[in-house]
Amino acid sequence: MTEELKKEEMEAEEVKEAEAENCEEQEEGADAAEETEQLSEEEEALNVKYLRLMADFQNFKRRSEKEKSDIYAYANEKIVVELLNVIDNFERALQHDCADEKYVEGMRMIFQQFSGVLEKAGLEEIAALGEDFDPNFHNAVMTEDNPDFGSGKVTEVLQKGYLLNKKVIRPTMVKVNN
């Protein structure tokens with residue numbers, strides 16, 4: 001019987017060892033699952049961080065392109081604003097009579113060439129006479145009662161206004177009908 005007891009004890013010990021190994025394997029499996037879960041969480045956090053960084057970079061790139069295009073579009077604004085006074089004086093000079101018709105014709109040609117260059121740069125005159133008053137484009141400095149025009153219509157242009165690349169650089173100074 002002692003041999004049978006010894007066999008039973010040995011079998012019991014083998015079962016205990018197998019259970020212990022099984023528990024260790026389960027713990028190792030649980031540890032591996034935890035590590036895998038942690039890695040996937042880290043990977044997900046890194047992916048989110050990467051996507052945000054990419055979106056920030058695309059926004060930066062878009063803003064930079066817009067700023068660059070604005071700089072190109074309005075780079076000439078300062079000099080064109082200064083040249084508007086020259087245009088005004090040129091127009092006033094051409095309104096006066098002169099005895100020498102060739103001189104007047106030459107000045108008109110120079111003025112047309114000058115105006116053409118500015119138009120190519122994006123300058124355009126704001127239409128005003130007879131139009132509805134628009135505070136975005138017109139600066140009303142006087143009002144009058146004129147039966148030839150409807151209420152709120154521009155009756156006289158005192159100083160021409162201009163747009164540069166569709167942006168108002170000088171509003172038209174006008175007289176408006178009551």
Side-chain angles (χ1 to χ4, degrees), residues 31-96 103-144 146 148-178:
D31 289 343
E34 284 180 29
E35 287 179 21
T36 305
E37 190 176 310
Q38 287 177 351
L39 285 176
S40 67
E41 287 176 7
E42 288 177 11
E43 286 176 0
E44 188 176 325
L46 286 174
N47 280 339
V48 168
K49 190 175 182 180
Y50 170 74
L51 290 173
R52 285 184 180 159
L53 184 63
M54 188 180 352
D56 286 343
F57 179 70
Q58 287 174 345
N59 289 338
F60 168 75
K61 194 173 177 182
R62 197 175 309 118
R63 269 193 319 269
S64 297
E65 289 296 321
K66 185 182 182 313
E67 288 173 0
K68 188 190 288 187
S69 68
D70 287 348
I71 287 171
Y72 288 135
Y74 301 111
N76 298 331
E77 183 176 353
K78 187 174 182 179
I79 193 161
V80 170
V81 168
E82 294 294 323
L83 289 174
L84 293 181
N85 295 326
V86 177
I87 290 174
D88 292 340
N89 290 333
F90 228 126
E91 288 177 337
R92 284 186 207 109
L94 289 174
Q95 289 175 354
H96 291 297
Y103 176 76
V104 172
E105 183 180 338
M107 293 301 284
R108 280 197 182 106
M109 290 172 63
I110 293 170
F111 179 71
Q112 288 173 348
Q113 183 181 16
F114 184 57
S115 298
V117 169
L118 291 175
E119 285 175 11
K120 285 181 185 175
L123 185 72
E124 58 186 287
E125 186 179 327
I126 298 173
L129 188 61
E131 301 285 325
D132 287 332
F133 174 74
D134 184 353
N136 296 317
F137 299 105
H138 306 130
N139 180 17
V141 293
M142 298 174 72
T143 59
E144 69 176 352
N146 189 335
D148 296 336
F149 293 94
S151 178
K153 297 283 187 181
V154 174
T155 59
E156 185 179 343
V157 174
L158 304 173
Q159 183 182 42
K160 289 182 178 179
Y162 294 94
L163 300 170
L164 181 62
N165 298 320
K166 306 298 180 200
K167 177 185 172 190
V168 176
I169 59 172
R170 184 172 82 181
T172 306
M173 195 179 304
V174 296
K175 190 187 290 187
V176 181
N177 199 28
N178 286 332

Between Leu118 and Phe114, is there a side-chain heavy-atom distance shorter than 4.5 Å?
yes
Taking side chain as C-beta onward, heavy atoms only, is Phe111 less than 4.5 Å from Ile87?
yes
Value rounded to 0.5 Å, distance of [atom1] in [X] from [atom2] in [Y]:
X: Glu91; Y: Ser115; atom1: CD; atom2: OG; result: 7.0 Å
X: Ile169; Y: Ile126; atom1: CD1; atom2: CD1; result: 8.5 Å
X: Phe90; Y: Leu83; atom1: CZ; atom2: CG; result: 11.5 Å
X: Asn146; Y: Ser151; atom1: CG; atom2: OG; result: 12.0 Å
X: Glu131; Y: Phe149; atom1: CD; atom2: CZ; result: 10.5 Å
X: Leu53; Y: Gln58; atom1: CG; atom2: CD; result: 10.5 Å

Check whether more than 12 heavy atoms from other residues, nucleotides or ligands sit under 6.0 Å from atom [atom1] of [X], and answer yes or no.
X: Leu51; atom1: CG; value: yes
X: Glu41; atom1: CD; value: yes
X: Met54; atom1: CE; value: yes

State whether the side chain of Asn177 and the backbone N or O of Gly152 hold a donor-acceptor pair below 3.5 Å, judged by distance alone.
no
Is a side-chain N or O of Arg170 found less than 3.5 angstrom from the main chain of Val81, in a donor-acceptor match?
no
Is there a side-chain contact (heavy atoms from CB on, under 4.5 Å) between Lys175 and Val141? Walk through the geometry before answering.
CA-CA 6 Å; Lys175 190 187 290 187; Val141 293; over 6 Å; no
If every non-hydrogen atom of [X] is compared with every non-hydrogen atom of [Y], which pair is closest and at what distance?
X: Phe133; Y: Val154; result: CA-CG2, 4.3 Å
X: Ala121; Y: Asn165; result: O-OD1, 3.8 Å
X: Ala128; Y: Thr172; result: CB-CG2, 3.8 Å

Evaluate side-chain contact (heavy atoms from CB on, under 4.5 Å) for Glu156 paired with Met142, printing each intermediate quantity in order.
CA-CA 9 Å; Glu156 185 179 343; Met142 298 174 72; over 6 Å; no
Using only heavy-atom distances, determine whether the side chains of Glu144 and Thr155 contain a donor-acceptor pair under 3.5 Å.
yes
Would Leu158 and Val174 count as a side-chain contact (heavy atoms from CB on, under 4.5 Å) here? Give the steps.
CA-CA 5 Å; Leu158 304 173; Val174 296; over 6 Å; no
If you apply the rule side-chain contact (heavy atoms from CB on, under 4.5 Å), what do you find for His138 with Met173, and how did you get there?
CA-CA 6 Å; His138 306 130; Met173 195 179 304; over 6 Å; no
Using 4.0 Å as the upper bound for N to carboxylate O, is an ion pair formed by Lys153 and Asp132?
yes
State plainly whether the residues Lys66 and Asp70 are in salt-bridge range, i.e. N to O under 4.0 Å.
yes
Of Leu163, Leu84, Asn76, which is the lone residue that meets side-chain contact (heavy atoms from CB on, under 4.5 Å) with Leu123?
Leu84
